[in-house]
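Everything below concerns the one structure shown next.
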Amino acid sequence: MPFTEEELKARVQKGYIVESPEEMTDGYRKALAIQLTVQADTELMSAPSYWMAARHAPSANTQVSAHAIIQDELAHANIAYRLLEDMGISKQKLVYEREPHEFKHPYGFDQPLDNWADLVVANGFFDRAGICLLSDVHRNTSYGPLKRALVKVDMEETFHLRHGEVWMRRLARAGGAAKEILQRSVDWMFPMTVEWFGLPDDRKRHSGQLEYKLKGLTNDQLRQLWMSSTVPLCERLGLDVPAHFDEASQSYVLDYPFPCQYDASEKRWLFEEGRITWGQVFQRWKGRGPMNEIYVESIRRSRGQVSSWLN
Amino acid sequence: MEEAVYDVFARKQRSEPLRHIGYVDATDDALARVYAWKTYDEENWFEMCVVRRSHIIPVNRIDGPYAARATGRLGRHAVEGR
């Protein structure tokens, strides 16, 4: 290990690019491993979530585009797991030997996508969140192999977002039942994505990811970035979202108690019950959502069978 | 099911150099070619190659993912002189 923690933090802040695990300090390695695990698990768990929803595709062409997105997500997961493997962390163990609740994807990918509107809003909201997070990492990360790998990922996530936004526009313009079901998807997925960005900055005292320059923006900055695209989009489409731009603070402000509790069985946020603590949010996340075990199982179910044929 | 790592190199145009664009895990060379072509389909590549990572011979570094076969003073010197 050629650097102390403080030396490496100072170097990366001045633009030094880490190229190999041998150059990492323990702190850097730990922070990067957590970031890559969240990234890999999120991409991986989006695949079964989108795959089950793709059954609701309204035509052959929409089936093709939905499955193209799923293929991309699996490739993105593979890239992040490969980077972990190059750090000596086993992909086999991460994908096949953890309990479902040990995966580190966001709570949104533990929820069922029950119809075509849910899928396209997931593309419009969740993939937009992915772009906000990963394009920031792409611009700022001090880890060279990740910076290069994200060229492909960013390009493809932009296609997913376009797919989501084009279809949201189409459903909104159709009006009637199409717009109603779209609004229902927006109602549960907007607060879900706002929560995805995690603890507010005033509650997060210490960020290894910022100190080691593994990302550039804070949680609140990323949340604002997401809302700055998503809120105007929804307003243009005539969709209600519980947030607005506040002229005085020049920022987006939420119109509901944040954070708040979620009824997963009803797919409904309990605004009327008021604000809860972040401790309660973490407890809900750790308990995982209704599709957690089903999604993990769907990724792994054929592994043992095919291996037994081949060996 | 034993898989090996393959690095994927490609270029979009005739005049460009081959560039490292990613990696796949595969049980043999034939599957590595298929996986690379289907996985890295974000561009209309002019040329794509896969190289089994264990076949890459590093010249001047003894760290990083290609360093398993690195030996000798040249590599150590290069790293120390970074």
Side-chain angles (χ1 to χ4, degrees), chain A residues 1-3 11 16-24 43 67-92 95-96 143-160 302-311, chain B residues 1-12 16-28 30-45 48 50-54 56 58-71 75-82:
Chain A
M1 195 187 304
F3 306 117
R11 276 188 177 240
Y16 184 80
I17 297 292
V18 175
E19 282 290 347
S20 71
E22 290 87 339
E23 294 178 297
M24 297 174 191
E43 302 277 16
H67 283 88
I69 291 170
I70 295 161
Q71 188 229 10
D72 289 346
E73 302 290 11
L74 287 168
H76 301 171
N78 188 52
I79 286 168
Y81 287 124
R82 161 51 48 202
L83 293 172
L84 284 160
E85 190 122 28
D86 287 345
M87 293 166 63
I89 300 165
S90 165
K91 178 172 78 174
Q92 164 77 24
V95 177
Y96 296 103
Y143 191 47
L146 176 57
K147 197 178 192 72
R148 293 188 288 278
L150 287 174
V151 173
K152 169 189 172 67
V153 176
D154 277 4
M155 192 186 297
E156 290 174 337
E157 291 293 348
T158 305
F159 160 70
H160 306 175
S302 298
R303 170 83 172 184
Q305 185 183 45
V306 175
S307 296
S308 70
W309 295 341
L310 296 174
N311 293 329
Chain B
M1 201 163 64
E2 284 289 309
E3 290 182 320
V5 191
Y6 291 77
D7 284 276
V8 183
F9 297 84
R11 55 177 167 159
K12 286 186 267 188
E16 289 180 352
L18 273 176
R19 187 167 59 82
H20 183 265
I21 60 161
Y23 8 71
V24 292
D25 295 335
T27 50
D28 57 41
L31 280 173
R33 294 174 73 217
V34 174
Y35 294 166
W37 190 249
K38 300 306 288 182
T39 302
Y40 293 92
D41 61 352
E42 67 272 21
E43 300 282 358
N44 185 19
W45 303 109
M48 177 184 281
V50 291
V51 183
R52 200 175 171 122
R53 184 171 285 181
S54 62
I56 294 177
V59 175
N60 70 329
R61 294 198 70 91
I62 58 166
D63 63 340
Y66 308 127
R69 299 177 66 170
T71 54
R76 265 197 299 278
H77 179 75
V79 171
E80 285 162 4
R82 176 182 45 229

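Throughout, a chain's letter reflects where its sequence line sits, starting with A, and its residues are numbered from 1.
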Can you tell me how far apart NZ (A:K91) and CD (B:E3) are? Round to the nearest 0.5 Å.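 A:K91 NZ to B:E3 CD: 6.0 Å, rounded to 0.5 Å.
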
Do B:D41 and A:E156 come within less than 4.5 Å of each other through their side chains, counting heavy atoms only?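 With C-beta onward as the side chain, the pair touches.
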
Answer whether the closest heavy-atom distance between the side chains of A:K152 and B:I21 falls below 4.5 Å.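 Side chain of A:K152 against side chain of B:I21, heavy atoms only: no contact under 4.5 Å found.
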
Heavy-atom distance under 4.5 Å to chain B: side chain of A:R148, backbone, both or neither?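 The answer is neither part of A:R148.
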
Starting from the C-alpha separation in whole Å, work towards a yes-or-no answer on side-chain contact (heavy atoms from CB on, under 4.5 Å) for B:E43 and A:M155. CA-CA 10 Å; B:E43 300 282 358; A:M155 192 186 297; 3.3 Å; yes

Between A:E22 and B:G64 (side chain of the first, backbone of the second, donor and acceptor by atom type, cut-off under 3.5 Å), is there such a pair?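 Between the backbone of B:G64 and the side chain of A:E22 there is a qualifying donor-acceptor contact (under 3.5 Å).
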
Using atom types as modelled and distance alone, determine if a side-chain donor or acceptor of A:Q71 lies under 3.5 Å from a backbone N or O of B:K38.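 Checked: pair present.
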
Between B:Y35 and chain A, which part of the residue has a heavy atom less than 4.5 Å away: side chain, backbone, both or neither?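 Answer is neither: B:Y35 stays 4.5 Å or more from chain A.
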
Closest approach of A:A149 and B:Y23, non-hydrogen atoms and distance?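 Closest pair (atom of A:A149, atom of B:Y23, distance): CB-OH, 3.8 Å.
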
Taking all non-hydrogen atoms of both residues, which atom of B:V24 and which atom of A:N78 are closest, and how far apart?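 Heavy-atom minimum between the residues: CA-ND2, 4.4 Å.
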
More than 12 heavy atoms from other groups under 6.0 Å of CZ on B:R33: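 For B:R33, atom CZ is not crowded (no more than 12 foreign heavy atoms under 6.0 Å).
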
Are the charged groups of B:R53 and A:D86 less than 4.0 angstrom apart, N to O?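 A salt bridge links B:R53 with A:D86.
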
